Enquirer: 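Here's a structure for you.
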Amino acid sequence: MTPVFHSQTGPLRMAEMRRVLHALPKVDLHRHLEGALRPVTLWEFHQNNQLDLFPNYDALVKAVQIPKGTYPGFKAFLDYFPPLRFPYG
């Protein structure tokens, strides 16, 4: 027996339900903070919390952004994250 789901317009068969669900917009529910924050947001947090990890915005950017066109490998990629591990508040 095929399961039946109900909508506002009546019953939906499994195949129709899959089509409906497939058509719905999706959202990314897994996001790492280090890769999701803009550098300017990190700088604002740095200033608002009176941290002294970076002398200026450019130093923060250099510490946390991998330059475009470079492919440093996974180990070097991970090395960019320690500067971001200051307290988030």
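Keep in mind the model is a prediction, meaning the values are calculated, not measured. One is the number of the first residue; the rest follow in order along the sequence. Note that these values count all heavy atoms, side chains included, but never hydrogens, waters or copies made by symmetry.
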Enquirer: Kindly compute the distance separating NZ (Lys62) from CG (Asn56), expressed to the nearest 0.5 Å.
Expert: 11.0 Å
Enquirer: Side-chain heavy atoms under 4.5 angstrom apart, residues restricted to Ile, Leu, Val, Met, Phe, Trp, Tyr: same cluster for Leu24 and Met17?
Expert: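 Linked within one cluster.
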Enquirer: Got Val61 and Trp43 here, is their nearest side-chain heavy-atom distance under 4.5 Å?
Expert: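 The answer is no; the side chains never approach within 4.5 Å.
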Enquirer: Which residues pass the side chain to side chain donor-acceptor pair (under 3.5 Å) test with Thr70, sequence neighbours left out?
Expert: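 By the side chain to side chain donor-acceptor pair (under 3.5 Å) rule, Thr70 matches no residue at all.
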Enquirer: Residues two or more places apart in sequence or in another chain: which of them pass side chain to side chain contact (heavy atoms under 4.5 Å, CB included) with Gln50?
Expert: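 Side chain to side chain contact (heavy atoms under 4.5 Å, CB included) check on Gln50 returns nothing, list empty.
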Enquirer: Between Asn49 (side chain) and Leu51 (backbone), is there a donor-acceptor pair under 3.5 Å?
Expert: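 Not confirmed, Asn49 side chain does not pair with Leu51 backbone.
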Enquirer: Which atom names give the shortest non-hydrogen contact between Phe54 and Ala63, and what distance separates them?
Expert: CE2-CB, 3.5 Å
Enquirer: Is there a side-chain contact between Glu44 and Val40 (heavy atoms, below 4.5 Å)?
Expert: yes
Enquirer: Can you list the residues that meet the salt bridge (Lys or Arg N to Asp or Glu O under 4.0 Å) rule with Arg19, with sequence neighbours excluded?
Expert: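 Counting only residues at least two positions away or on another chain, Arg19 forms a salt bridge (Lys or Arg N to Asp or Glu O under 4.0 Å) with Glu16.
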Enquirer: Output the distance between atom CG (Leu53) and atom NE2 (His46), rounded to the nearest 0.5 Å.
Expert: 4.5 Å
Enquirer: Indicate the atoms forming the closest heavy-atom contact of His22 with Lys26, along with that distance.
Expert: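 That would be O-NZ, 3.2 Å.
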